[in-house]
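Worksheet: the structure to be examined is printed underneath.
All residue numbers in this chain count up from 1 along the given sequence.
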Amino acid sequence: MTPRLDQPREVRRTIVPRPHYDPESFGRLSERIARFLGTARFLVYMTGFIVVWIGWNFLAPHFLRWDPYPFIFLTLILSLQASYAAPLILLAQNRQDDRDRVQYEQDRSRNERTIADTEYITREIAGLRVALSEVVTRDFLRSELQQILRELDAKDQHPTLS
């Protein structure tokens, strides 16, 4: 019987449960490790560790040395550390790229809204300017009233002209 695509598969019960991890918490942990690996403190710690390792294996009595001169075990430890550090750093960079992409999209949409708002306000101001050019200003009204007052004063002084 072939499985159908429109029906879910039966859950298989296994003796050993499948490991499950939260990708988000693992990503946060990898970012913390990557940040630490990029600090001067890490370089100082790693340098101190290597100096102590080499110093011990040069200066300690022969029966207490665990990694003689070519330091094969030290090389193995450093290779193992590098093999884990590189993917963790890449994972942290990918997460940062995702955050940057989301931030860029938000900035772009915010800029588009700002441009649209600015264009709207510009149209409104242009409309107000057109409307105000047709409205009587205070100075124009004052000058017209003064003109009428002069005409009335002139009529009062010369009643015979009417």
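You'll find the side chain of Glu31 stays beyond 4.5 Å of the side chain of Leu88, heavy atoms only. Taking the side chain as every heavy atom from C-beta outward, Glu112 and Arg108 approach each other to under 4.5 Å.
Cluster membership check: Leu78 shares its hydrophobic cluster with Trp56, using side-chain heavy-atom separations under 4.5 Å among Ile, Leu, Val, Met, Phe, Trp and Tyr. A continuous path of ILVMFWY side-chain contacts below 4.5 Å connects Ile54 to Leu59, so both sit in one hydrophobic cluster.
Of all heavy-atom pairs spanning Leu91 and Ser30, the tightest one is CD2-OG, 3.3 Å. Closest of all the heavy-atom pairs between Ala92 and Ala34 is CB-CB, 3.7 Å.
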Original post:
Run the side chain to side chain contact (heavy atoms under 4.5 Å, CB included) check on Ile89 and Ile33 step by step: do they pass?
Top reply: CA-CA 8 Å; Ile89 291 169; Ile33 292 171; over 6 Å; no

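In this structure, a donor-acceptor pair under 3.5 Å is absent between the side chains of Asp153 and Gln157.
Asn111 contributes atom CG, which lies 9.0 Å from atom CZ of Arg113 (distance to the nearest 0.5 angstrom). In this structure, the separation between CD on Gln96 and CD on Gln93 is 9.5 Å, given to the nearest 0.5 Å. If you take CD1 on Ile77 and CD on Gln81, they are separated by 10.5 Å, rounding to the nearest 0.5 Å.
Crowding of Arg150 atom CZ: a count of heavy atoms from other residues, nucleotides or ligands under 6.0 Å exceeding 12.
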Just distance, no hydrogens or angles: give the donor-acceptor pairs under 3.5 Å from side chains in residues 36-43, sequence neighbours left out.
from, atom 1, to, atom 2, distance (Å)
Thr39, OG1, Phe36, O, 2.7
Thr39, OG1, Phe42, N, 3.3

What pairs of donor and acceptor atoms, side-chain ones from residues 63-71 against any protein atom, are under 3.5 angstrom apart with sequence neighbours left out?
from, atom 1, to, atom 2, distance (Å)
Arg65, NE, Asn57, O, 3.3
Arg65, NE, Ala60, O, 2.7
Arg65, NH2, Phe58, O, 2.7
Arg65, NH2, Ala60, O, 3.1
Asp67, OD1, Ile72, N, 3.2
Asp67, OD1, Phe73, N, 3.2
Asp67, OD2, Trp53, NE1, 3.0
Asp67, OD2, Phe73, N, 3.3
Asp67, OD2, Leu74, N, 2.9

Could you list the donor-acceptor pairs under 3.5 angstrom formed by side chains in residues 115-126, with sequence neighbours left out?
from, atom 1, to, atom 2, distance (Å)
Thr118, OG1, Thr114, O, 2.7
Thr122, OG1, Thr118, O, 2.7

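Taking 4.0 Å as the cut-off between side-chain N and carboxylate O, Asp98 and Arg101 count as a salt-bridged pair.
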